[in-house]
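Side chains included, hydrogens not; waters and symmetry mates left out as well; all remaining heavy atoms used.
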Amino acid sequence: MSLQIDTVRAAFGGLVALDDVSLTAEPGAVTALIGPNGAGKTTLFNAISGLITPDRGSIRLGDVELVGKPARHIAKLGVIRSFQELRLFGGVSVYDQTLFAAERRVATRSRKVRGKVDRILARLGLSDVRRDLAVNLSYGQQKAVSIARMLAMEGRVWLLDEQAAGLAPREYDLFCEVVDEARRRGLVIVLIEHNLQLVRELADKVVFLDRGRALATGTVQEVFGNDVVRALYFGRRD
């Protein structure tokens, strides 16, 4: 079930944040959004997840139109996102945060659900801090908690907004492993990323945004070799 974005436009006053952006993110693939700050990447995530309503255009998950639906409804359809600024419950333990996320999916606190939470925390190296409050964790651990919550919710679409930024090498490697596992399970994965090495390692498709427009789409090699991208993003015209 693909995520299809067709000629989406969003403007705030005189600022056009998205200018007829179109792209398709396929299941079992990683689509990377790259571009300078202010290019419209996070605005596009906000439109997909229902935090803003675009002025025109269509955003569909399979046959379901997402534009006009409230954010909570879109989340129930399986569209789950992370944020640049971590939105954790600082006074809630790692275990309970992950359990709450799992309960949103199944509405029960069964042994099976608790077992799933235990496995997720173990996979992300959080078992030893399961009873710690999120506010007391390191930055990398806090980011791991945000991924744990996404895993617990069993979404079909992951929107990852600079999720790898600030991670230590082992945390970075673990993040890449978890994303690759999600890809193999057939999830639609869209990530915003300034770390171009990570884009090279993970992305099946790259979309370059600048000033709200999608100026290049293709493989990593195609987009990174595009003359427009090289001039605008890499500062090279050779």
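Minimum interatomic distance between Val220 and Ala203 (heavy atoms only, all atoms of both residues): CG2-O, 3.8 Å. Taking both residues in full, the closest heavy atoms of Ala122 and Ser127 are given as CA-OG, 3.2 Å, listed atom of the first, atom of the second, then distance. Residue Leu160 comes nearest to Ser82 through the heavy atom pair CA-OG, 3.4 Å, listed as atom of the first residue, atom of the second, then distance. Across every non-hydrogen atom of Pro27 and Gly186, the tightest pair is CB-O, 3.2 Å. Among all heavy-atom pairs drawn from Val190 and Ala25, the shortest one is CG2-CB, 3.7 Å. Smallest separation of non-hydrogen atoms from Gly91 and Leu133: O-CD2, 3.5 Å.
Listed by first and then second residue, the salt bridge (Lys or Arg N to Asp or Glu O under 4.0 Å) pairs involving residues 172-195 are Arg123-Glu177, Arg123-Glu181, Arg170-Glu177, Asp180-Arg183, Asp180-Arg184, Arg183-Asp204 (not counting sequence neighbours). Sequence neighbours left out, not one pair with a member in residues 17-63 passes ring-ring contact (aromatic ring centres under 6.0 Å, His included). Residue pairs meeting the ring-ring contact (aromatic ring centres under 6.0 Å, His included) criterion with at least one partner in residues 170-198, sequence neighbours excluded, are absent. Residues in residues 2-30 take part in these salt bridge (Lys or Arg N to Asp or Glu O under 4.0 Å) pairs, two or more places apart or across chains: Arg9-Asp55, Asp20-Arg56. For residues 214-223, there are no salt bridge (Lys or Arg N to Asp or Glu O under 4.0 Å) pairs, not counting sequence neighbours. Within the structure, the salt bridge (Lys or Arg N to Asp or Glu O under 4.0 Å) test picks out no pair touching residues 27-48 (sequence neighbours left out).
Other members of the hydrophobic cluster containing Ile52, listed by chain and number, are Phe12; membership follows side-chain contacts under 4.5 Å among ILVMFWY residues, whether direct or relayed.
Here the side chain of Arg156 pairs a donor or acceptor atom with the backbone of Leu77 at under 3.5 angstrom. Within the 3.5 Å criterion, the main-chain N or O of Ile59 finds a donor-acceptor partner in the side chain of Glu65. Counting only distance, with no hydrogens or angles, the side chain of Glu171 and the backbone of Ala168 share a donor-acceptor pair below 3.5 Å. Judged by distance alone, the side chain of Lys143 and the main-chain N or O of Gly166 form no donor-acceptor pair under 3.5 Å. For Gln97 (side chain) and Val94 (main-chain N/O), no donor-acceptor pair under 3.5 Å exists by modelled atom type.
Side-chain contact between Val30 and Trp158 is absent, with no heavy-atom pair separated by less than 4.5 Å. At a threshold of 4.5 Å between non-hydrogen side-chain atoms, the residues Leu209 and Leu215 do not count as touching. No side-chain heavy atom of Pro54 sits under 4.5 Å from any side-chain heavy atom of Leu18.
Take Arg200 and apply the salt bridge (charged side-chain N to carboxylate O under 4.0 Å, His left out) test, not counting sequence neighbours, and it matches no residue. Asp161 pairs by the salt bridge (charged side-chain N to carboxylate O under 4.0 Å, His left out) definition with Arg81, not counting sequence neighbours. Contacts of Arg130 classified as salt bridge (charged side-chain N to carboxylate O under 4.0 Å, His left out), with partners at least two apart in sequence or in another chain: Asp118. When the salt bridge (charged side-chain N to carboxylate O under 4.0 Å, His left out) test is applied to Arg149, no partner is found at least two apart in sequence or on another chain. Take Thr217 and apply the side-chain contact (heavy atoms from CB on, under 4.5 Å) test, not counting sequence neighbours, and it matches Lys205, Val207.
Judged purely by distance below 3.5 Å, without hydrogens or angles, the side chains of Ser58 and Gln4 never pair a donor atom with an acceptor atom.
In terms of hydrophobic clustering, with Ile, Leu, Val, Met, Phe, Trp and Tyr side chains grouped at heavy-atom distances under 4.5 Å, Ile34 and Val228 are assigned to a common cluster. Val8 and Val16 fall into different hydrophobic clusters, where Ile, Leu, Val, Met, Phe, Trp and Tyr side chains are chained together by heavy-atom contacts under 4.5 Å. Cluster membership for Val157 and Val64, using ILVMFWY side-chain heavy atoms within less than 4.5 angstrom, is shared.
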Chi angles and distances behind the side-chain contact (heavy atoms from CB on, under 4.5 Å) call for Phe208, Leu232: CA-CA 10 Å; Phe208 174 74; Leu232 293 176; 4.1 Å; yes
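Between Leu44 and the options Ile48, Thr42, Asn46, a side-chain contact (heavy atoms from CB on, under 4.5 Å) holds for only Ile48.
Residue Arg60 places its CZ atom among more than 12 non-hydrogen atoms of other residues, nucleotides or ligands, all under 6.0 Å distant.
Interatomic distance, Ile5 CD1 to Leu23 CG, rounded to the nearest 0.5 Å: 4.0 Å.
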